[in-house]
Amino acid sequence: MEKVILIAGGAGQGIAKSAEVLAKSFTRRGYFVFNYRDYPSLIRGGLNFNILKIGIDPVASHEWKADYAVFLSQQAFDEHKSKSKLSITDSKIKGGDLKVDLDTIVQKAGAPKIAANAAMLGALYKAMQHDTQPLMDAMADYGKHADINRKVAWEGFQAYDGKISKFSELQGKDANYFVSGSWAISMGAIASGLDLYIAYPMTPATPVLHILAELENDFNYKTVQLENELAVANGALGASFGGSTVMIGTSGGGLALMGEAMSLQGMSELPLVAYLSMRAGPATGVPTYTGQGDINFALNIGHGEFSRAAIVPGDAREAYERTVEAFYLTNKFGVLSLLIGDKHISESNYTHASLPVPRVTPERFLVGATANHKNYAITSDGVSPRAVPGKKGVLRATSYEHDEAGMTVEDEPSIIKMVEKRIRKARTLEKAVSKLEPVTVYGEGKHAIVSWGSTKGAIIDALKHLKDVKFVQISYLRPFPAKEVEAALKGVKSVTAIEVSVTCAIANMLREFTGTVVDHKITKYDTRPFTSHEIVSKMRRVIK
Amino acid sequence: MNVTELTTKVPNTWCPGCTNFMLMAGVKKAVTELVNEGVFTKEQFTTVAGIGCHAKIYDYLNLSGFYGLHGRVPPVMAGLKLANPNLKVLGFSGDGDAFAEGMSHFIHFCRYNLDATYIIHNNQIFALTTGQVTPTTEPGAVTKSTPHGSPFRPINPITLALESGATFVAREYALDLPNLSETLKRAMKHKGASVVEILQPCITFKDVRDFVKDKMFRIEPSDLENAVKTARGWNYTKDDATRIPVGVFYETQYPTLEEKVGVKVWHEEFPKREHKVEELWARFK
Ligand SMILES: Cc1ncc(C[n+]2csc(CCOP(=O)(O)OP(=O)(O)O)c2C)c(N)n1
Ligand code: SF4
Ligand SMILES: [Mg+2]
């Protein structure tokens with residue numbers, strides 16, 4: 001059983017916070033909630049909304065059709081009223097099925113205006129015929145404003161006298177984790193032994209900057225905002241040379257500026273995790289909306305030939321686990337770890353029933369320096385043990401082609417040696433990634449969906465309504481797990497590639513790396529994420 | 001330590017007679033003396049080089065180092081110091097590197113008061129790319145990219161450094177070894193952002209050795225206002241009336257970026273850290 005709730009109002013009306021409190025009142029009782037956040041690029045006014053899908057069984061996406069809607073502004077009601085079966089509105093709003101006199105409630109309770117949301121949550125609870133206790137408990141999240149919000153919520157509960165549609169009660173289930181992709185990535189970085197997060201703000205990567213800045217003293221690392229993305233990326237490599245475990249974060253425009261430093265990573269082989277949260281482009285594009293259209297750019301970033309890991313988690317749990325892998329791989333092999341998400345994964349909240357379990361244990365792979373240690377030693381697997389400067393020896397990192405010690409070279413034999421060392425390292429990386437379950441298959445069927453990243457939730461939810469369809473999720477786009485993908489697609493009747501883009505990069509990758517020519521592409525470029533219903537109806541058309 | 005320990009076996013490719021040789025001699029003398037006086041260990045020194053003739057010093061100095069990208073010396077210095085505040089970081093840029101490609105970083109380096117020494121080889125030309133105009137080339141200069149005379153006005157890196165918050169600002173001449181090494185030593189000992197602009201005439205593309213020698217005069221440090229005034233005395237023009245102030249313009253104390261951020265030698269922290277990530281996850285229950 002699933003219920004969808006829409007909460008809409010102006011920016012600055014506390015919509016996002018209300019949605020979170022509401023969601024937690026359910027996840028704490030063992031329900032699953034997916035929380036989609038939709039907001040334009042402005043600070044006050046405008047129209048923000050959240051959509052919560054609540055289920056007894058796991059849910060991983062949102063829907064455009066709601067069972068209940070709460071409207072806090074006239075504009076919100078006018079634009080979204082058709083989306084919901086039942087709308088609860090502030091009595092000042094023209095229209096709506098059920099009105100709650102927010103002004104009076106707030107006044108009676110002696111509460112600030114912003115607390116009006118709580119009355120709506122109270123009313124909503126009545127409509128779903130739930131005991132208010134879980135909501136009251138969840139309101140602890142309002143901190144010192146908890147009690148006043150509870151008072152207002154109770155008034156809202158009383159005030160509601162509309163239709164009640166019962167939503168089954170869960171008994172005796174444990175609390176679930178309700179977490180955003182940004183939080184999961186931040187925690188994954190901390191778990192990996194992060195020393196420095198260096199960034200320049202850019203939506204939708206900014207939440208990670210805020211989260212990691214907030215936690216820095218509790219977890220013994222630092223967050224530093226440098227002057228621009230050029231400084232961020234070059235500075236991060238300086239820090240990495242100095243021995244730090246570093247992550248940087250940005251969106252497409254920032255990554256463009258970081259391009260030169262990504263290439264420097266390739267040559268210097270200094271560990272670096274670069275987090276990219278994509279939004280719709282080109283250029284400034286649609287800053288607060290989503291897309292996967294930067295993927296080709298990101299995968300190919302940096303001039304010259306060098307290997308990189310490109311990791312594309314599909315939900316919050318994976319974001320955590322894969323972040324730990326990103327650090328592990330970059331530390332172990334000195335390859336660039338690109339950790340790629342998008343607005344949808346960064347700013348949505350997912351429910352997971354258990355703690356994630358990373359496949360690898362965080363490690364730095366540093367060796368103690370000796371007087372003659374060479375950071376670019378030629379080895380059979382192409383991986384050179386790395387020491388840091390400061391205590392012993394002369395240690396080097398460089399943007400020029402170099403010998404084992406890091407001295408500049410221009411003669412052919414020396415160049416060939418070092419190029420081939422890096423090629424061997426690329427092979428070593430491929431082997432390591434193939435052990436990290438780069439491909440996951442969900443369901444069974446003669447028809448295959450192939451996709452990656454944030455489309456996972458909607459596809460998983462769609463599978464419940466599709467017959468004879470399996471989903472092949474790719475979690476590493478570099479090195480591309482060709483063998484695993486080929487195995488997953490063996491004998492299928494049709495292959496459908498799904499991506500939030502115009503050109504469907506994954507379809508081209510399938511062709512390039514596996515020779516598979518996809519039968520269908522399902523793409524979307526309105527900068528909004530897929531819902532499961534969209535996928536169900538499109539899939540039914542292509543596989544019939 | 002003998003100064004020869006700072007020499008590598010890499011063949012030097014600077015033009016014979018290039019003033020960079022003397023500049024490097026000044027650096028080596030300063031570093032050797034500081035090591036022998038017990039101020040720093042040789043291993044603490046870490047160089048960061050940009051791209052240009054100047055940057056080849058990375059290969060010639062037998063010190064740990066990072067050979068970065070064109071213009072990005074200051075952020076790499078920042079990263080190194082944020083990672084390990086015990087390093088003694090020496091940055092090497094050219095005028096093109098610091099003031100064309102890397103201008104914004106230069107300003108922020110001063111503003112951060114990063115505890116590092118930024119040495120700028122100013123030859124008023126892009127030398128490694130065979131002689132084009134830079135932001136410190138005099139107005140009207142005929143270079144390969146301005147054959148009809150430069151249309152640009154030069155900026156003054158000394159006033160810029162002073163106004164941007166550098167806490168040690170000096171100018172020296174590459175061929176005046178005693179003063180050069182003495183000022184470099186002071187700069188390296190200084191806690192905070194030290195900027196040393198070194199007039200380093202390129203004998204191949206812009207030989208102004210006689211001009212500089214003829215026009216320069218020594219100054220003493222002063223307060224900020226007077227330091228700016230003194231620095232304005234030469235705006236990188238090249239005419240008979242020119243007088244070029246050299247020496248330390250300004251020196252003061254201010255907390256460094258590393259102190260304000262509160263950084264540690266992070267890689268030594270790792271084994272000590274207890275990752276209570278489960279507790280963090282519990283917040284989401
Ligand atoms: C991004 C980038 N653009 C251009 C170049 C080409 N380039 C190499 S050195 C140089 C100029 C160096 O001038 P300067 O910093 O004054 O150093 P000098 O050679 O005079 O010591 C340029 C433009 C480059 N290496 N990287
Ligand atoms: S071109 Fe000029 S700066 Fe470069 S090595 Fe030759 S003399 Fe020196
Ligand atoms: Mg120059």
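Residue numbers start from 1 in every chain, and the chains themselves are labelled A, B, ... in the order their sequence lines are given, proteins ahead of strands.
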Evaluate the ring planes of A/Y320 and B/W281, with Trp represented by its six-membered ring, and classify them as parallel (under 30°), tilted (30 to 60°) or perpendicular (over 60°).
->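 Because their plane-to-plane angle is over 60°, the rings of A/Y320 and B/W281 count as perpendicular.
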Please flag which part of [X] lies under 4.5 Å from any non-hydrogen atom of chain A: side chain, backbone, both or neither.
X      : answer
B/K81  : neither
B/H108 : side chain
B/F45  : neither
B/T8   : side chain

Given the options [options], which has more heavy-atom pairs under 4.5 Å with chain A than any of the others?
options                    : value
B/A282, B/G102, B/A83      : B/A83
B/V48, B/N62, B/T41        : B/N62
B/H70, B/H267, B/K88       : B/H267
B/R283, B/R111, B/M77      : B/R283
B/N86, B/L87, B/T46, B/L63 : B/L63

For each of [options], tally heavy-atom pairs with chain B at distances under 4.5 Å, and name the one with the top tally.
options                        : value
A/T27, A/L215, A/T351          : A/L215
A/G243, A/A397, A/G406, A/A175 : A/A397
A/A261, A/P356, A/S240, A/A184 : A/P356

Given side-chain contact (heavy atoms from CB on, under 4.5 Å), test A/D218 with B/L280 step by step and report yes or no.
-> CA-CA 10 Å; A/D218 298 345; B/L280 247 185; over 6 Å; no
Walk me through it: do B/N84 and A/V388 pass the test side-chain contact (heavy atoms from CB on, under 4.5 Å)?
-> CA-CA 10 Å; B/N84 182 351; A/V388 303; over 6 Å; no
Does a side-chain N-to-carboxylate-O contact under 4.0 Å join A/K391 and B/E268?
->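 Salt bridge present between A/K391 and B/E268.
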Can we say A/E260 and B/R72 salt-bridge, meaning some charged N sits less than 4.0 Å from an Asp/Glu carboxylate O?
->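 Here A/E260 pairs with B/R72 in a salt bridge, since their nearest N and O are under 4.0 Å apart.
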Between [Y] and [X], is there a side-chain heavy-atom distance shorter than 4.5 Å?
X      : Y      : result
B/L82  : A/K222 : no
B/I51  : A/Y400 : yes
B/W266 : A/T245 : no
A/L355 : B/E278 : yes
A/M187 : B/F284 : yes
B/E269 : A/N220 : yes
A/N234 : B/L69  : yes

Heavy-atom neighbours of [X] [atom1] exceed 12 at 6.0 Å:
X      : atom1 : value
B/E37  : CD    : yes
A/N372 : CG    : no
A/F365 : CZ    : yes
B/Y60  : OH    : yes

Given that the side chain runs from C-beta out, which part of [X] has a heavy atom under 4.5 Å from chain B: side chain, backbone, both or neither?
X      : answer
A/A236 : neither
A/L237 : both
A/L395 : both
A/L366 : side chain
A/V179 : both

Exercise: identify the closest heavy-atom pair between B/S104 and A/N228 =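 It is OG-ND2, 3.5 Å.
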Tell me, with the steps shown, if B/V10 and A/T408 meet side-chain contact (heavy atoms from CB on, under 4.5 Å).
-> CA-CA 9 Å; B/V10 175; A/T408 309; over 6 Å; no
Rounded to the nearest 0.5 Å, what separation is found between the CZ atom of B/F109 and the CD atom of A/E227?
->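 Going from the CZ atom of B/F109 to the CD atom of A/E227 covers 11.5 Å.
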Using modelled atom types only, decide if a donor and an acceptor are shared between the side chain of A/S399 and the backbone of B/Y67 within a distance under 3.5 Å.
->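 Here the side-chain-to-backbone pair exists.
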Within 45° of the six-membered ring axis of B/F66 and under 6.0 Å from that ring's centre, is NZ or CZ of A/R396 located there?
->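 Verdict for B/F66: no cation-pi partner in A/R396.
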Could you walk me through whether B/K264 and A/D195 pass the side-chain contact (heavy atoms from CB on, under 4.5 Å) check?
-> CA-CA 9 Å; B/K264 303 174 183 169; A/D195 296 321; over 6 Å; no
